[in-house]
Amino acid sequence: MISRQSAQSQIPEETRWPRLVVRPVGRRLGLVAALLCLPTVASAGNIFRVGSGAGCDASTIQQGVILALNEPGTVFVQVSHQATYTENVTISGGSSTDLVILEGGYDSCTSDTPSPVHSVLEASSFGTAALTITQGVEVRVINMAVHSSEGTALAVSTAGTEVVLWNSILSDSQRGGSVQSGAYLEIDPDSVVTNNNNDSPFGGGLYCTGAGTQLDVAGVVENNSASWGAGIHASDGCNLNLFSATIQFNVASANGGGVYVDDGAHLSDSSQPVGNIRDNSATRGGGIYASGADTTVDVDFINIDDNQADFGGGIYASTAAQVTLRGAVNVRENTATNEGGGVAAYGSSVILLRDGFYAQFNNATNGGGFYLASGSHLSGAADGNVGIAIADNQATRGGGLYLTGASTEAVLYNYTVLANEAQTAGGGAFVTSGAYFEMNRGNSIPCADPPRCSQLLGNTLSQGTDGSALLLEAGATAKLYQTYVDFNRHLMPGAMSQVIQTRGTDTTLRLEGIQFWGNDASTLISADDSSAITAGFVTAAENRWSLEGSTVLPKAATTANGGDIFLGSSILVDTDGYDGAIASDCLIIDNATGLVPTGTTSIGIDPQFVDPYNGDLHLQGSSPAIDYCDGAFFFPEDPLDLDLDLRGVDHPEVTGILGWFDLGMDETLSSSALFTDGFESGDTAAWQ
């Protein structure tokens with residue numbers, strides 16, 4: 001357990017709120033907006049002191065509240081900490097009182113200022129709330145520790161009721177706090193909701209329900225338990241806002257270890273520093289569980305770290321929920337024993353990613369970074385200075401992503417799928433059972449590091465042989481356009497492995513504008529068991545296959561058991577031929593063994609790359625690949641090359657072979673242009 005003091009020390013002093021604020025009655029203005037300082041000196045008529053001995057107006061908190069509610073304006077109920085108050089307190093509106101300040105920590109009834117010690121309120125009745133606030137009253141609860149061993153510590157209800165918790169503790173109850181029926185509850189950065197154990201299903205730490213109800217949390221919610229929503233449970237239209245909150249060490253026996261949102265509830269966050277949802281656990285959704293067609297999660301400033309679940313270690317989404325993860329969100333080091341170490345999505349849920357998002361170091365059986373099933377959708381485009389990365393995740397299958405089921409899809413524009421590891425299949429991505437996968441540059445979208453905007457890079461297999469970068473099977477479909485497929489490999493020297501593999505009837509893959517460089521595998525692309533690959537404008541060079549004690553060239557492409565591959569308008573060098581009857585047209589290659597050419601092919605000529613040893617496979621202006629093909633057998637679906645240059649540009653000074661299309665991923669602007677690599681490599685070897 002992290003202490004309250006240590007958790008709060010993570011919040012920089014300059015971002016902490018003033019100790020006491022007033023919110024105008026009936027207005028929810030947000031945690032830091034339009035706050036007015038309270039008077040530092042109150043008149044004697046609006047201060048009521050609770051305790052025993054000299055100067056006390058009441059011996060119980062409830063008596064003090066009754067006295068206060070008979071006064072207009074702002075009233076103070078100042079509570080001595082010398083005794084525990086065992087009672088059930090209700091603060092209800094309907095009077096002329098504008099604001100009630102319930103403040104503990106006073107040494108005695110004659111003290112003018114509170115000490116750091118909390119005053120303690122303990123419920124006296126079984127199964128009831130220790131402190132109930134209702135009927136349109138506005139209240140500040142300060143320096144109070146509130147407990148109800150068999151009930152709720154703090155209960156807030158009815159529209160117009162507004163409560164702010166300051167430097168207080170809700171603990172050792174069945175439920176820490178609840179807000180419902182259009183009321184408002186705010187938990188400040190110095191407040192803690194902890195050690196609440198809910199035997200009923202919903203909400204161990206905090207519970208929010210009802211249209212128009214709002215819960216703003218900036219404090220610490222830790223060490224709570226429940227079946228659904230151990231830390232925070234939000235449902236039925238509740239608006240839950242996190243402000244640099246810390247939600248940690250909560251345990252749900254079913255769903256939503258950290259936060260549970262369903263039935264049209266909305267979770268959002270705001271402000272910096274970045275908050276944390278960490279070290280929570282559940283069966284589904286260790287960090288966040290979201291369910292329901294009108295349920296939304298839209299977060300920008302939060303780390304979702306080190307959470308555990310059977311399904312969806314970091315985030316679990318189901319039943320058409322929508323989850324948007326923005327630039328300062330990191331989903332990392334979460335674990336799922338089954339599916340979706342970082343994120344698991346089911347039932348037509350939508351996951352939207354934005355610039356700067358990272359899913360990193362997550363672990364699962366299927367889908368280390370993401371698991372998508374039953375019509376769920378992952379999309380988004382990195383369109384600014386910071387890209388999106390799915391990196392360093394691990395799984396048995398689908399190190400970075402695992403997609404399964406008809407209508408399930410992931411469409412990734414300007415993403416990097418980097419250094420993910422699968423034990424048996426699909427180091428970067430595993431796509432199966434009719435799912436759809438697409439990666440491309442996004443022609444009209446600027447990216448952080450052109451031209452390397454879309455990358456399937458450095459993914460690995462540790463034991464199996466199937467698709468160190470990508471595996472498709474069982475009727476899956478994929479498109480890779482304008483993507484770098486580099487440095488993918490098998491970790492066991494000598495293993496027969498493929499960088500990209502397809503298998504199974506109705507499994508199809510289209511490759512267009514792709515670079516293969518620096519991969520370590522026995523085969524670059526493989527189609528088995530009646531699957532089909534169509535590849536055009538592909539460039540492959542400097543790939544290897546590491547054997548025990550030696551390195552040899554890989555096969556460029558192989559087919560088996562009715563698999564089908566067509567290669568067109570491509571440059572495939574540093575390879576050892578082909579296995580199977582592979583149709584082809586317009587190639588520059590080293591070895592034609594296994595090909596069935598349907599058009600012109602050049603064997604054993606230098607394609608004249610700019611700097612192949614350092615991964616720059618753009619064409620020099622004198623390359624024989626310029627104006628090589630007419631597109632009769634392979635015409636591009638995307639009119640732009642890897643640098644967003646228009647394909648099929650005629651070079652009048654070049655005597656072409658068949659047409660105006662250059663081979664491979666690069667269409668040169670002109671053989672006489674000053675910069676044949678589109679100005680992007682920074683290598684003077686490209687200057688003509």
Side-chain angles (χ1 to χ4, degrees), residues 10 246-249 257-259 274-282 284-288 299-317 323 325-345 351 353-372 378 380 382 386-403 410 412 415-430 448 455-463 468-470 487-489 491:
Q10 301 169 21
T246 296
I247 302 169
Q248 60 188 7
F249 306 123
V259 179
V274 172
N276 295 282
I277 299 176
R278 64 188 178 203
D279 292 291
N280 305 284
S281 63
R284 295 175 179 84
I288 296 173
V299 290
D300 196 353
F301 299 101
I302 202 157
N303 293 320
I304 303 169
D305 299 345
D306 295 295
N307 302 285
Q308 299 85 40
D310 292 340
F311 305 89
I315 299 172
Y316 182 103
V323 177
L325 305 174
R326 299 183 185 275
V329 175
N330 293 302
V331 176
R332 62 190 180 194
E333 298 186 29
N334 302 284
T335 300
T337 56
N338 291 308
E339 298 164 356
V343 178
I351 310 296
L353 306 183
R354 296 294 182 257
D355 282 357
F357 169 81
Y358 265 75
Q360 191 171 27
F361 302 120
N362 302 288
N363 189 287
T365 299
N366 292 324
F370 287 85
Y371 180 93
L372 304 175
L378 170 67
V386 182
I388 295 173
I390 301 170
D392 299 294
N393 303 286
Q394 293 185 328
T396 302
R397 299 186 298 176
L401 304 99
Y402 187 108
L403 283 66
L412 312 182
Y415 281 52
T416 296
V417 179
L418 169 68
N420 302 284
E421 179 182 324
Q423 289 184 16
T424 62
F430 185 108
Q455 300 185 92
L456 196 51
L457 177 66
N459 302 286
T460 59
L461 292 172
S462 61
Q463 297 176 21
S468 57
L470 174 64
F487 286 115
N488 302 283
R489 66 195 186 281
L491 297 179

Verify the neighbour count for atom CZ of Phe357: are there more than 12 heavy atoms of other residues, nucleotides or ligands below 6.0 Å? yes
Distance, nearest 0.5 Å, that separates CD of Gln308 from CG of Asp279: 6.5 Å
Taking all heavy atoms of Gly341 and all of Ala364, pick out the closest pair and write down the distance. N-CB, 3.3 Å
Output the distance between atom CG (Leu461) and atom CG (Asn459), rounded to the nearest 0.5 Å. 9.0 Å
For Ala395 against Thr365, the heavy-atom pair lying closest together: CB-O, 3.7 Å
Can you check whether Thr246 reaches Arg278 side chain to side chain, under 4.5 Å on heavy atoms? yes
Mind checking the CG-CD1 spacing from Asn276 to Ile247? Nearest 0.5 Å is all I need. 9.5 Å
Give the C-alpha distance, both sets of side-chain angles, the deciding distance and a yes or no for side chain to side chain donor-acceptor pair (under 3.5 Å) between Gln360 and Asp392. CA-CA 5 Å; Gln360 191 171 27; Asp392 299 294; 3.1 Å; yes
Nearest heavy-atom contact between Val274 and Asn303 is CG1-N, 3.5 Å
Which value, rounded to the nearest 0.5 Å, describes the distance between Arg332 atom CZ and Asn393 atom CG? 12.5 Å
The reported gap from CG in Asp305 to CG in Asn362 (rounded to nearest 0.5 angstrom) is 9.0 Å
Minimum heavy-atom distance between Gly285 and Ala309, given as atom pair plus value: N-CB, 3.9 Å
Tyr358 and its side-chain contact (heavy atoms from CB on, under 4.5 Å) partner, picked from Leu353, Leu325, Asn330: Asn330
With no hydrogens and no angle check, is any side-chain donor or acceptor of Asn334 less than 3.5 Å from a backbone partner on Asp306? yes
Shortest non-hydrogen pair, Arg354 vs Ile388, comes out as O-CG1, 3.3 Å
Quick one: CD on Glu333 to CZ on Phe361, what's the gap to the nearest 0.5 Å? 6.5 Å
Among Tyr402, Tyr371, Phe370, find the residue that satisfies the ring pair (Phe, Tyr, Trp, His ring centres under 6.0 Å) test when tested with Phe430. Tyr402
Nearest heavy-atom neighbours spanning Gly380 and Tyr415: O-CE1, 2.9 Å
Applying side chain to side chain donor-acceptor pair (under 3.5 Å), run through Asp310 and Asn338 and close with a yes or a no. CA-CA 5 Å; Asp310 292 340; Asn338 291 308; 4.8 Å; no
Are any of the side-chain heavy atoms of Leu378 and Leu401 separated by less than 4.5 Å? yes
Using only atom types and a distance under 3.5 Å, with no angle test, would you say the side chain of Thr416 pairs donor to acceptor with the backbone of Gln455? no
